[in-house]
**Q** 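Here's a structure for you.
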Amino acid sequence: MKDNLTWEETIQYIRTIPEYGELVEKAYFEADLPLNVERFKKEDEFIETLNYLKQYTPNDTKILDIGCGNGISSISFALEGFHVTAVEPDPSETIGAGAIRNLKAHYNLDNLEIYEAFAEDINFNDESFDIVYIRQAMHHANNLPQFIKECSRVLKKDGILITVRDHVIFNQKDKDWFLEEHPLHRYYGGENAYTPAEYEKAMTDANLTIQ
């Protein structure tokens, strides 16, 4: 198997390899896109996220979903009644914006907009969103300070940014080990991780308050 695949090619490949079966299932990478959504909606992770939003932002409805992959979170939020803007740089129908468009059509949603862009380059107006949600995407930032700065810029002053399931390392040796051991990095080379201090500095420099 050649290295240097695209992200889409990587996902298509691991779907054919039994040893990756559990990863495909747990990461919601299955070819049946609606199945991924239906499973994610029932997971404790999503249920707890909804509970958090109901507790702290009960009247907010405009959510920006950054780096949303195949759209499991964007679609799930839209099905819950949020007005969702999905931002995903990958255009593919396997794992990117194309997949989200197919799911939008499948669920006949009119409260979901989809943009192909990197977080560092979003062009939305200042203070456009009540909530910025980032799932497994912040560690992929090409420029972490700019990534967070843009997320902060488009967030309303009393809004909430939620980031979940990001990779964390503590030094260069730790990062080297992480990249070497990551099951997919050797195929597409797109994995990354930051230290807690790097995440925290990017947030505080962007005038966010960490809670």
Side-chain angles (χ1 to χ4, degrees), residues 6-16 20-54 57 60-119 122 129-141 147 151 160-167 182-185 187-188 190-192:
T6 65
W7 181 226
E8 178 182 30
E9 289 170 339
T10 298
I11 299 307
Q12 291 172 336
Y13 171 65
I14 65 171
R15 285 173 178 169
T16 69
Y20 287 110
E22 184 177 6
L23 187 154
V24 168
E25 177 187 0
K26 297 295 185 183
Y28 308 100
F29 288 157
E30 294 179 274
D32 187 336
L33 296 174
L35 174 63
N36 293 324
V37 172
E38 296 305 319
R39 288 181 49 239
F40 180 71
K41 286 195 310 176
K42 298 174 183 177
E43 291 291 341
D44 289 345
E45 176 192 333
F46 184 64
I47 293 170
E48 286 303 310
T49 300
L50 290 178
N51 288 339
Y52 182 90
L53 295 178
K54 290 174 183 176
T57 62
D60 292 338
T61 61
K62 292 189 67 176
I63 185 166
L64 175 63
D65 190 355
I66 291 283
C68 43
N70 61 7
I72 56 170
S73 53
S74 296
I75 299 298
S76 296
F77 281 125
L79 291 170
E80 290 290 330
F82 289 91
H83 297 278
V84 182
T85 299
V87 172
E88 168 54 47
D90 190 312
S92 77
E93 294 190 359
T94 299
I95 200 67
I100 306 172
R101 292 189 181 97
N102 289 338
L103 284 167
K104 177 181 178 178
H106 174 83
Y107 287 101
N108 193 29
L109 296 170
D110 60 6
N111 56 335
L112 171 64
E113 296 183 7
I114 304 158
Y115 294 87
E116 293 180 26
F118 289 96
I122 52 178
F129 300 96
D130 302 311
I131 303 155
V132 174
Y133 174 82
I134 311 166
R135 182 181 187 273
Q136 295 187 162
M138 193 164 62
H139 60 270
H140 287 295
F147 184 113
C151 291
I160 289 181
L161 183 149
I162 302 175
T163 178
V164 296
R165 302 184 69 88
D166 271 301
H167 298 153
H182 193 285
L184 304 184
H185 181 71
Y187 295 122
Y188 84 110
E191 289 302 325
N192 195 15

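For clarity, every value in this text was computed on a predicted model and none was experimentally measured.
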**Q** Is the side chain of R39 donor-acceptor paired with the backbone N or O of E25 at a distance under 3.5 Å, no angle test?
**A**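 Such a contact is found between R39 side chain and E25 backbone.
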
**Q** In Å, rounded to the nearest 0.5 Å, how long is the span from CG of N111 to NE2 of H83?
**A**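 Taking CG in N111 and NE2 in H83, the distance rounds to 6.5 Å.
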
**Q** Under a 4.5 Å cut-off applied to non-hydrogen side-chain atoms, are V37 and L79 in contact?
**A**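 The answer is yes; the side chains approach within 4.5 Å.
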
**Q** For the CD1 atom of I75 and the CG atom of L112, what is their distance to the nearest 0.5 Å?
**A**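 Rounded to the nearest 0.5 Å, the CD1-CG separation comes to 5.0 Å.
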
**Q** Taking atom CG of N102 and atom CG of L33, what is their separation to the nearest 0.5 Å?
**A**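 Here the rounded value is 7.0 Å.
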
**Q** Please round to the nearest 0.5 Å and tell me the distance separating atom NZ of K41 and atom OG of S73.
**A**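 Nearest 0.5 Å value for the NZ-OG distance: 13.5 Å.
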
**Q** Between F46 and F40, how do the two ring planes meet: parallel, tilted or perpendicular, split at 30° and 60°?
**A**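 Rings of F46 and F40: tilted, as their planes differ by 30° to 60°.
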
**Q** Taking D32 for its side chain and L35 for its backbone only, find out whether a donor-acceptor pair lies under 3.5 Å.
**A**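 Present.
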
**Q** If I take atom CG from residue L64 and atom CZ from residue F77, how far apart are they, to the nearest 0.5 angstrom?
**A**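 L64 atom CG to F77 atom CZ measures 11.0 Å (nearest 0.5 Å).
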
**Q** Using a 3.5 Å distance criterion without hydrogens, assess whether the side chain of D130 forms a donor-acceptor pair with backbone atoms of T61.
**A**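 Yes; at least one donor-acceptor contact below 3.5 Å.
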
**Q** Are the side chains of D60 and L53 in touch, meaning some heavy atoms are under 4.5 Å apart?
**A**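 D60 vs L53: side chains apart.
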
**Q** If you take all heavy atoms of D166 and A137, which pair is closest and at what distance?
**A**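 So the minimum-distance heavy-atom pair works out to OD1-N, 3.8 Å.
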
**Q** Closest approach of C68 and I100, non-hydrogen atoms and distance?
**A**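 What the structure gives for the nearest pair is SG-CD1, 3.6 Å.
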
**Q** Which heavy-atom pair separates L23 from P183 by the least distance, and what is that distance?
**A**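 Reported closest heavy-atom pair: CD1-CG, 3.6 Å.
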
**Q** Are any of the side-chain nitrogens in R101 or E88 under 4.0 Å away from the carboxylate oxygens of its partner?
**A**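 Looking at R101 and E88, the cut-off is not met.
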
**Q** Over 60° means perpendicular and under 30° means parallel, so classify the ring planes of W7 and Y188, tilted if in between.
**A**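 Taking W7 first and then Y188, their aromatic rings sit tilted (interplane angle of 30° to 60°).
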
**Q** Is it the case that the side chain of R15 and the backbone of F29 share a donor-acceptor pair, with hydrogens and angles ignored and the cut-off at 3.5 Å?
**A**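 Judged by distance alone, yes, a pair lies under 3.5 Å.
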
**Q** Could you tell me which non-hydrogen atom of E116 sits nearest to which non-hydrogen atom of A97, and how far apart they are?
**A**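 Here E116 and A97 meet closest at CG-CB, 3.5 Å.
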
**Q** Please check if the distance between the ring centroids of F147 and F118 is under 6.0 Å.
**A**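 No, they do not, as the ring centres are separated by 6.0 Å or more.
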
**Q** Let me confirm one number: the CD-OG distance from E45 to S76, rounded to the nearest 0.5 Å.
**A**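 One finds 10.0 Å between CD of E45 and OG of S76.
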
**Q** Looking at every non-hydrogen atom in both residues, tell me the closest pair between I66 and C151 and how far apart they are.
**A**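 Where I66 meets C151 most closely, the heavy atoms are CG1-SG, 4.2 Å.
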
**Q** If I compare all heavy atoms of S74 with all of D65, which pair ends up nearest, and what's the gap?
**A**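 Answer, listing the atom of S74 first, then D65: OG-OD2, 2.7 Å.
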
**Q** Classify the ring geometry of H139 against H167: parallel below 30°, tilted from 30° to 60°, perpendicular beyond 60°.
**A**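 Geometry flag for H167 against H139: tilted rings.
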
